[in-house]
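Written out below as structure tokens is the structure these notes cover.
Starting from 1, each residue takes its place in the sequence as its number. What you see is a predicted model; the values in this text were computed from it and never measured. Computed over heavy atoms, backbone and side chain alike; hydrogens, waters and symmetry mates excluded.
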Amino acid sequence: MKPRVVFSTNPYLNRPSWVIKIIQLGSPEVEIYEHLLKNDLSSPNHTLPVDIVYNEPPLLIMPGCELTGFTRPPRWTLREAIDEFYQIVEGVEYLHRYHVAHLDFDLENTTIATQDMVKHHKQLELNKIYIIDFGYSRRFELGPRAQPPVDLEHLTLSERHGVTRLDPYSWDVLCLGDTLLRFSQIIFQVNGKLDVPWICTSYARWLVGQEKGCAGVCRCRPTARRALQVLAVIRWFVHGWDACARLSATWPDFVGCVEVETREWIAVSTPYLYLVYLSLCLSCLATSVLRATSSSCSVWK
């Protein structure tokens, strides 16, 4: 908790945990929360429900949640990781849809609702990731692919990435990619060794990109919407592959109950199950790319 700014009740007692944040005068945080909370709080809205006390200074009273990445057993599957990725990217895309740039997006500014939290705070959704801390956030008249650069020197993350001025939406995507890289390193570290699936690393690095000094509207990395669309395809593929793996794992029990000829057919056809699924995935991916490239919008938009 930030000293003299954020206070928390004891989370270890068998009662609701609350976080109280004192909003500095001139901060846009109250306005941002008002703007986001007037909409439906179900996904894709990942704004943490808060109560605003219009005091001098204003107060935010919010449920206490756990930091993302530290609430599960040490062994994560690729499917679980991609599902968490999807929630995080979905949350950022929702902000950008309403012309809100977070500007301070980091893993520490995301929380997840655990079973204990949901038990005491009925407005929370179990295992849902929420985005918090809009102290540096800004609302813009223009949306992604239209908003020119803004100064970032006052941001704490600016020095880490070596960026002082950039399109605010592109800056959020850069920070999003860096957050997903760090998240992967946390959840896939087993016994002191990193074993991060290549698809997680490749996707996150695609968001980070190479260019960090665009003088105009940045087109060097995807928008949050494009990032979510690509991740939806990846998620569909991973879920399907996992379903095939689960199905093939249950086949030995089934094989023992059938005739010898049927057993031989199942043994031969098992590899083809994966090939058929892979072909379907590649066909769907090719169709999506062709539709995107044939449209009036760029594939990176």
Q. Would you say the side-chain atoms of E90 and H46 include a donor-acceptor pair closer than 3.5 Å?
A.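 Present: a donor and an acceptor within the cut-off.
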Q: May I ask you to check whether H102 and D133 show a side-chain donor-acceptor distance below 3.5 Å?
A: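 The criterion, which ignores hydrogens and geometry beyond distance, is not satisfied for D133 and H102.
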Would you mind checking if [Y] and [X] are paired as a salt bridge, meaning a charged N to carboxylate O distance below 4.0 Å?
X	Y	answer
K38	E34	no
K21	E29	yes
E108	R182	yes
R221	D172	no
R219	D167	no

Q) So among L174, T110, L157, which one has a side-chain contact (heavy atoms from CB on, under 4.5 Å) with F105? A)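 That would be T110.
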Check whether any side-chain N or O of [X] sits under 3.5 Å from a backbone N or O of [Y] as a donor-acceptor pair, and report yes or no.
X	Y	result
R145	C218	yes
S202	W198	yes
N45	Y94	no
E93	L228	no
N55	P57	no
D151	E153	no

**Q.** Joint cluster assignment, V217 & L95, ILVMFWY side-chain distance < 4.5 Å
**A.**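 Not linked; separate clusters.
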Q: Answer yes if L180 and W206 sit in the same cluster of Ile, Leu, Val, Met, Phe, Trp and Tyr residues linked by side chain heavy atoms under 4.5 Å apart, and no otherwise.
A: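 The answer is yes; both residues are in one hydrophobic cluster.
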Working to the nearest 0.5 angstrom, can you tell me the gap between [X] [atom1] and [Y] [atom2]?
X	Y	atom1	atom2	result
Q115	L124	CD	CG	11.5 Å
D195	F188	CG	CZ	8.0 Å
L231	I88	CG	CD1	10.0 Å

(Q) A quick test of your reading: do over 12 heavy atoms of other residues, nucleotides or ligands sit less than 6.0 Å from CD of Q123? (A)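 Count over threshold, so yes.
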Q.
For a side-chain hydrogen bond (donor to acceptor under 3.5 Å, both in side chains) check, start with the C-alpha distance between T114 and D116, then their side-chain angles and the critical distance, and finish with the verdict.
A. CA-CA 5 Å; T114 62; D116 290 338; 5.2 Å; no
Q) Any side-chain heavy atom of I20 within less than 4.5 Å of one from V6? A)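 Result no, sub-4.5 Å side-chain heavy-atom pair not found.
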Q) Looking at the rings of H96 and Y169, which for Trp means the six-membered one, are their centres under 6.0 Å apart? A)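 Centroid distance H96-Y169: below 6.0 Å, so yes.
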Q: Under the salt bridge (charged side-chain N to carboxylate O under 4.0 Å, His left out) rule, what do R205 and D178 come out as? Steps first, then yes or no, please.
A: CA-CA 8 Å; R205 287 177 177 169; D178 183 68; over 6 Å; no
Q) Would you call the rings of W18 and H121 parallel, tilted or perpendicular if under 30° counts as parallel and over 60° as perpendicular? A)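 If you compare the ring of W18 with that of H121, the planes turn out perpendicular.
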